[in-house]
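Note sheet for the following structure.
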Amino acid sequence: MVESQGSEQVLVAGPLFLDVVMGPLGHAPGGAANQAVALARLGARAALASYVGEDAAGALVRGMLAQEGVRLDALEAVERQSVTVSLALDGDRAMTSFGTEEFPPLRGPAPAALLTDLRGLAANAEAVGRWRREGTWVLADCGWDPTERWDQGDLGALALADVFTPNEAEALAYTRAGTVEEAAARLAGMCPMCVVTRGAAGALAVAPGLRAAVPAPPVAATDTTGAGDVFSAALAWALLRGRGVRGALVFAVHAAALSTTRRGGASAAPALDEVEGFLAERGAAPGE
Ligand code: ADP
């Protein structure tokens, strides 16, 4: 059973993988763990609502999450750990996954915040609706639709979200809009705020009466895997700490840009002092 404890808890709900990368060799928790690790490195009380294997691979994932300070109490044990194996060569990536994309139904007391995708909201509409009435703040993201149908019906789940953070391609595909501005405006009509990430161009936030575009700081990006996850985790962290929308966007684009200068998904997420140092170095006021 998923139990979220403590009013300060930030719960990330989604599938959990052991990511094994070959060439250069490494392993790390992946999937929803990317956001949970990014939040924990910023100092949030992050918990993960996911299935974890009772096998050796699952023990490895648990150990790495614990070391990162991610709370394990909302994990649910299953027989086998889901695994993703990727082979990175000459800037290209071949990837194969086995295991489940599912994650456990959400139950228990309301966390301070919930991060999950549109599918997670739709599957847990009753629990999330109850949590929201108790004050849970909800960030929704989405992934690339493997069917490429981009069903408008998926967007119905935005009624349960406070912020939606698609990337540019996803926002355009879901809305069939001609421009990112138009896509963001349409999506902002379905939940209180839409924040579209635009890679090296940064991010655009649109809400009723608000439009804020923040460029990403120029960096030598070597691996953009998981940049979107670091962005949404950092945005949630900064908004929950009461930084205004623009301040939170500045913080999130810097955290995500910094993560692209390092290899890996969760392992590339920066710590709070690294983001603050980077902001100071680039002359951006963190709490503006
Ligand atoms: P996703 O990883 O979900 O596709 P994006 O590619 O839009 O999302 O990247 C998310 C965030 O990561 C951007 O808003 C930006 O802050 C940062 N980022 C990504 N690529 C770069 C880059 N080449 N240079 C600087 N920042 C980047």
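Remember, it's 1-based here, ligands and their atoms both numbered in the order they're listed.
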Quiz item: With a 4.5 Å heavy-atom cut-off, do His27 and Leu18 have their side chains touching?
Solution: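 In short, these two side chains touch, coming nearer than 4.5 Å.
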Practice problem: Kindly say whether the aromatic ring centers of Trp131 and Trp137 come within a distance under 6.0 Å. | Solution: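 Trp131 vs Trp137: aromatic centres not under 6.0 Å.
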Exercise. Walk me through it: do Leu48 and Leu65 pass the test side chain to side chain contact (heavy atoms under 4.5 Å, CB included)?
Key: CA-CA 9 Å; Leu48 196 51; Leu65 289 172; 3.8 Å; yes
Quiz item: How many angstroms lie between atom CD of Glu102 and atom OG of Ser50, to the nearest 0.5 angstrom?
Solution: 12.0 Å
Practice problem: Enter the distance from Glu76:CD to Arg107:CZ here, rounded to the nearest 0.5 Å. | Solution: 6.0 Å
Got an N/O contact under 3.5 Å between [X] and ligand 1?
X: Ala203; value: no
X: Thr224; value: no
X: Val219; value: no
X: Gly199; value: yes
X: Thr260; value: no

[atom]: the protein heavy-atom neighbour that sits closest, reported with distance to 0.1 Å:
atom: atom 17 (C) of ligand 1; result: Ala256 CB, 3.6 Å
atom: atom 14 (O) of ligand 1; result: Gly202 O, 3.0 Å
atom: atom 4 (O) of ligand 1; result: Asn167 ND2, 2.9 Å
atom: atom 8 (O) of ligand 1; result: Thr197 OG1, 3.3 Å

Quiz item: For ligand 1, is any non-hydrogen atom under 4.0 Å from Ala169's backbone (N, CA, C, O), its side chain (CB onward), both, or neither?
Solution: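 No part of Ala169 comes within reach of ligand 1.
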Practice problem: Heavy-atom distances under 4.0 Å are what count here, so tell me which part of Ala221 touches ligand 1: side chain, backbone, both or neither. | Solution: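 For Ala221, only side-chain atoms sit under 4.0 Å from ligand 1.
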May I ask you to say whether [X] pairs ionically with [Y], meaning some side-chain N is under 4.0 Å from a carboxylate O?
X: Glu168; Y: Arg198; result: yes
X: Arg211; Y: Glu181; result: yes
X: Arg130; Y: Glu126; result: no

Show the atoms of ligand 1 that are less than 4.0 angstrom away from any heavy atom in [X].
X: Arg198; value: 7 (O)
X: Pro217; value: 25 (C)
X: Val253; value: 16 (O)
X: Ala257; value: 17 (C), 25 (C), 26 (N)
X: Gly228; value: 1 (P), 2 (O), 3 (O), 8 (O), 10 (C)

Quiz item: How are the rings of Trp144 and Trp150 set to each other: parallel, tilted or perpendicular (split at 30° and 60°)?
Solution: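 Answer is perpendicular, since the angle exceeds 60°.
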Exercise. Check the side chains of Ser232 and Gln35 for a donor-acceptor pair under 3.5 angstrom, ignoring hydrogens and angles.
Key: yes
